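To keep things clear, I will list the structure first and then write my remarks on it.
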Amino acid sequence: MTDPRKDLDRIDIKILALLHVQGRVTKAAMGDQVGLSASRCWERMKRLEKAKIIRGYHAEIDLGRLAKLSTFVVQIKLTDYSYAKAKVFESGIAGLPNVIGCQAVLGGVDYLLTVAAFGIEHYQAIMEQMLDTLNVSFDYVTLPVTKKLKSEANFDLAALLATAGDFET
């Protein structure tokens with residue numbers, strides 16, 4: 001299996017950086033900004049989607065403004081970790097609407113969850129439900145989010161990728 005990143009050129013990076021900042025850009029406007037025709041931009045986008053470099057197109061929603069939801073980062077440590085328990089946990093949280101993000105991590109914890117709730121009481125009810133229904137024992141530490149300073153949607157993709165030159169051998 002080949003690495004799709006090896007086939008990326010500066011035009012692909014421009015397309016990705018533009019889509020990252022402005023996901024609703026028209027193909028014509030994209031073509032003007034990257035120096036290609038609209039049809040060539042569309043072909044490149046389809047290739048990037050097929051390679052799963054582009055995984056989707058989304059709107060960033062401010063949950064606090066939309067519904068006065070609070071967010072909580074939760075460190076999860078499975079009790080007596082095993083691969084089977086991890087799979088049970090992962091499949092269990094996949095269907096929970098209040099768990100809006102989850103990352104498996106290395107280190108002293110197994111997962112970092114982002115939970116959206118209508119206040120502390122609601123958050124605690126969500127966690128109690130998880131403890132009761134997931135059929136996996138875990139410990140957790142709650143970190144209430146007081147202010148979102150930067151999201152994964154708000155970074156300079158081109159600048160980030162340019163830092164790779166510092167580490168290439």
Side-chain angles (χ1 to χ4, degrees), residues 1 3-5 8 12-13 15-25 45 48-168:
M1 187 172 194
D3 183 354
R5 294 172 297 177
L8 296 180
D12 291 325
I13 300 301
I15 289 171
L16 292 168
L18 179 59
L19 285 171
H20 180 73
V21 173
Q22 192 180 348
R24 293 176 56 155
V25 65
M45 286 175 57
L48 293 165
E49 289 170 4
K50 186 176 179 185
K52 297 190 181 355
I53 293 172
I54 297 175
R55 297 188 315 191
Y57 301 87
H58 312 279
E60 185 175 1
I61 308 296
D62 185 328
L63 295 176
R65 286 181 186 242
L66 173 67
K68 297 203 184 294
L69 282 158
S70 297
T71 54
F72 303 83
V73 174
V74 185
Q75 299 174 341
I76 301 283
K77 173 88 173 139
L78 299 184
T79 307
D80 300 322
Y81 181 91
S82 72
Y83 180 75
K85 289 180 183 180
K87 287 298 170 197
V88 169
F89 179 82
E90 291 170 12
S91 65
I93 63 157
L96 299 176
N98 293 88
V99 177
I100 61 171
C102 180
Q103 297 173 310
V105 296
L106 298 174
V109 297
D110 300 310
Y111 299 96
L112 293 177
L113 269 59
T114 304
V115 177
F118 293 100
I120 297 290
E121 295 84 8
H122 185 220
Y123 165 75
Q124 192 58 44
I126 293 164
M127 295 309 296
E128 289 170 3
Q129 177 190 16
M130 287 174 58
L131 285 164
D132 288 343
T133 61
L134 288 183
N135 297 320
V136 178
S137 177
F138 62 89
D139 295 318
Y140 67 97
V141 174
T142 302
L143 305 167
V145 176
T146 59
K147 186 185 333 181
K148 191 167 189 174
L149 302 174
K150 190 173 184 180
S151 75
E152 289 184 22
N154 295 327
F155 65 88
D156 185 337
L157 180 64
L160 172 66
L161 294 175
T163 66
D166 299 339
F167 297 98
E168 292 180 356

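Keep in mind it's a predicted model, so treat the numbers as computed, not measured. Residues take their numbers from the sequence shown, with the count starting at 1.
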Would K148 and T71 count as a side chain to side chain contact (heavy atoms under 4.5 Å, CB included) if you check the C-alpha gap in whole Å, the side-chain angles of each, and the deciding distance to 0.1 Å? CA-CA 9 Å; K148 191 167 189 174; T71 54; over 6 Å; no
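Across every non-hydrogen atom of S151 and E60, the tightest pair is OG-OE2, 3.1 Å. Counting all heavy atoms, side chain and backbone alike, I126 lies closest to A116 at CD1-O, 3.8 Å. Of all heavy-atom pairs between S91 and V88, the closest is OG-O, 3.1 Å. For K85 against T79, the heavy-atom pair with the smallest separation is NZ-O, 3.6 Å.
Atom CD1 of I54 and atom CG of L16 lie 5.0 Å apart (nearest 0.5 Å). Distance check, rounded to the nearest 0.5 Å: CG of N98 to CD1 of I100 gives 9.0 Å. A distance of 10.5 Å separates CZ of F72 from CG of L143, quoted to the nearest 0.5 Å. To the nearest 0.5 angstrom, M45 atom CE is 5.5 Å from E49 atom CD.
Applying the side-chain contact (heavy atoms from CB on, under 4.5 Å) rule to A67 yields the partners L69, F118; only residues at least two apart in sequence or on another chain are considered. Remark: D12 engages L8, D9, R44, R47, L48 in a side-chain contact (heavy atoms from CB on, under 4.5 Å) (not counting sequence neighbours). A search for side-chain contact (heavy atoms from CB on, under 4.5 Å) contacts involving T133 returns Q129, not counting sequence neighbours. Under the salt bridge (Lys or Arg N to Asp or Glu O under 4.0 Å) criterion, D132 pairs with no residue, sequence neighbours left out.
Sorted by first and then second residue, the ring pair (Phe, Tyr, Trp, His ring centres under 6.0 Å) pairs involving residues 130-159 (not counting sequence neighbours) are H20-F155, F89-F138.
Using a 3.5 Å distance cut-off with no hydrogens or angles, the side chains of S70 and Y123 do not pair a donor with an acceptor.
Summarising the local packing, OH of Y83 is surrounded by 12 or fewer heavy atoms from other residues, nucleotides or ligands at distances under 6.0 Å.
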Side-chain polar contacts of residues 104-111 - donor-acceptor pairs under 3.5 angstrom, sequence neighbours left out - could you list them?
| from | atom 1 | to | atom 2 | distance (Å) |
| --- | --- | --- | --- | --- |
| D110 | OD2 | L78 | N | 2.7 |
| Y111 | OH | E90 | OE2 | 2.6 |

